[in-house]
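A quick write-up on the structure given underneath.
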Amino acid sequence: MRQKLIALLVVMLAGCLYPTLLLAIDTPTPTFVQAMVGAAQFSEDDLTFSEISTTDDTVTSDNDLSTMPYLGMAFQYPFHGENTQVGLDGSFLFGWRSKDTKVRAGSGQLAISIDSSLWLADLSVGLFVKHTFFNRWRAYAAVGPAIVFGDYSEDTDEEDSNSETNEKNNNSDSEFGVGAYARVGFDYRFAYNAYVGICVRGLKTNIAFDSAPDASSSLSGVQGFLTFSRHF
């Protein structure tokens, strides 16, 4: 199973970096490259991480990291067509979130400080269909498989004024999963070979973090982007 996933990752990475090589086309076709800047909202339960005090196991702290900035690059390589095109769609995207949480318990005698961080990276390759209106507007839709990597880490500092103790702990949780994505959007050509647009992307994978006790067996979310694009 792991060998198949590695092979899929290699093929997807080759498609993102060298689409003409992947398709073995002698005459290169201009590739539409997009820079994407936006944000993501994932399911809250799947990315709410809980920390239980080592001093008092009745004290817990929940960190909701389900909303985060997201950015990356995407490409669209057409197989054929002019006004209406069908081709290869791929992207590499990265999201991250950090949060500091402070909790007091036991009439203020127990102080817990938690520094947590989460990052997600996803690589996807699928198929797109795109249509050009009035030589300036382009609307498109794409769908395909996705591979997602995630890493969560936290540093905990507990200070008990009663026992005059201070405990420091750290925890990390790395996950890998596969799933699918779909995105729709449009671009507007405001100058020669220069486009600006927006797109919405949905993502669903089988990632589940052990540090998120209420997480389901999958991670799903919606991402929104402002795009800046041109042909290369």
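Geometric assessment of Lys130 against the ring of Phe32 yields a positive cation-pi assignment under the 6.0 Å and 45° thresholds.
Remark: Asp115 does not engage Lys102 in a salt bridge, criterion side-chain N to carboxylate O under 4.0 Å.
How far CG of Leu123 is from OH of Tyr181: 10.0 Å, rounded to the nearest 0.5 Å.
Between Ser91 and Arg201, the closest side-chain pair of non-hydrogen atoms falls below 4.5 Å. Contact check for Phe42 versus Leu120: side-chain heavy atoms found under the 4.5 Å cut-off.
Ring orientation note: the planes of Trp96 and Phe94 are close to parallel, at an angle under 30° on the 30°/60° scale. Using cut-offs of 30° and 60° on the angle between ring planes, the pair Phe209 and Phe49 is perpendicular.
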Apply side chain to side chain donor-acceptor pair (under 3.5 Å) to the pair Thr101 and Asn63, showing each step before the final yes or no.
CA-CA 7 Å; Thr101 304; Asn63 290 327; 2.4 Å; yes
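When all heavy atoms of Ser216 and Ala208 are compared, the pair lying nearest together is O-CB, 3.4 Å. Here the closest heavy-atom approach between residue Thr227 and residue Ile198 is recorded as OG1-N, 3.9 Å.
In this model, a donor atom of one side chain and an acceptor atom of the other lie less than 3.5 Å apart for Ser174 and Asp151. Remark: the Asn206 side chain and the Ser218 side chain contain no N/O donor-acceptor pair separated by less than 3.5 Å.
Within the 6.0 Å centre-distance limit, the rings of Phe176 and Phe149 are counted as a close aromatic pair.
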Run the side-chain donor-acceptor check on residues 136-146: report pairs under 3.5 Å with partners two or more places apart or on a different chain.
from, atom 1, to, atom 2, distance (Å)
Arg136, NH1, Arg189, O, 2.6
Arg138, NH1, His231, NE2, 3.2
Arg138, NH2, Tyr195, OH, 3.3
Tyr140, OH, Gln34, NE2, 3.4
Tyr140, OH, Arg183, NH1, 3.3

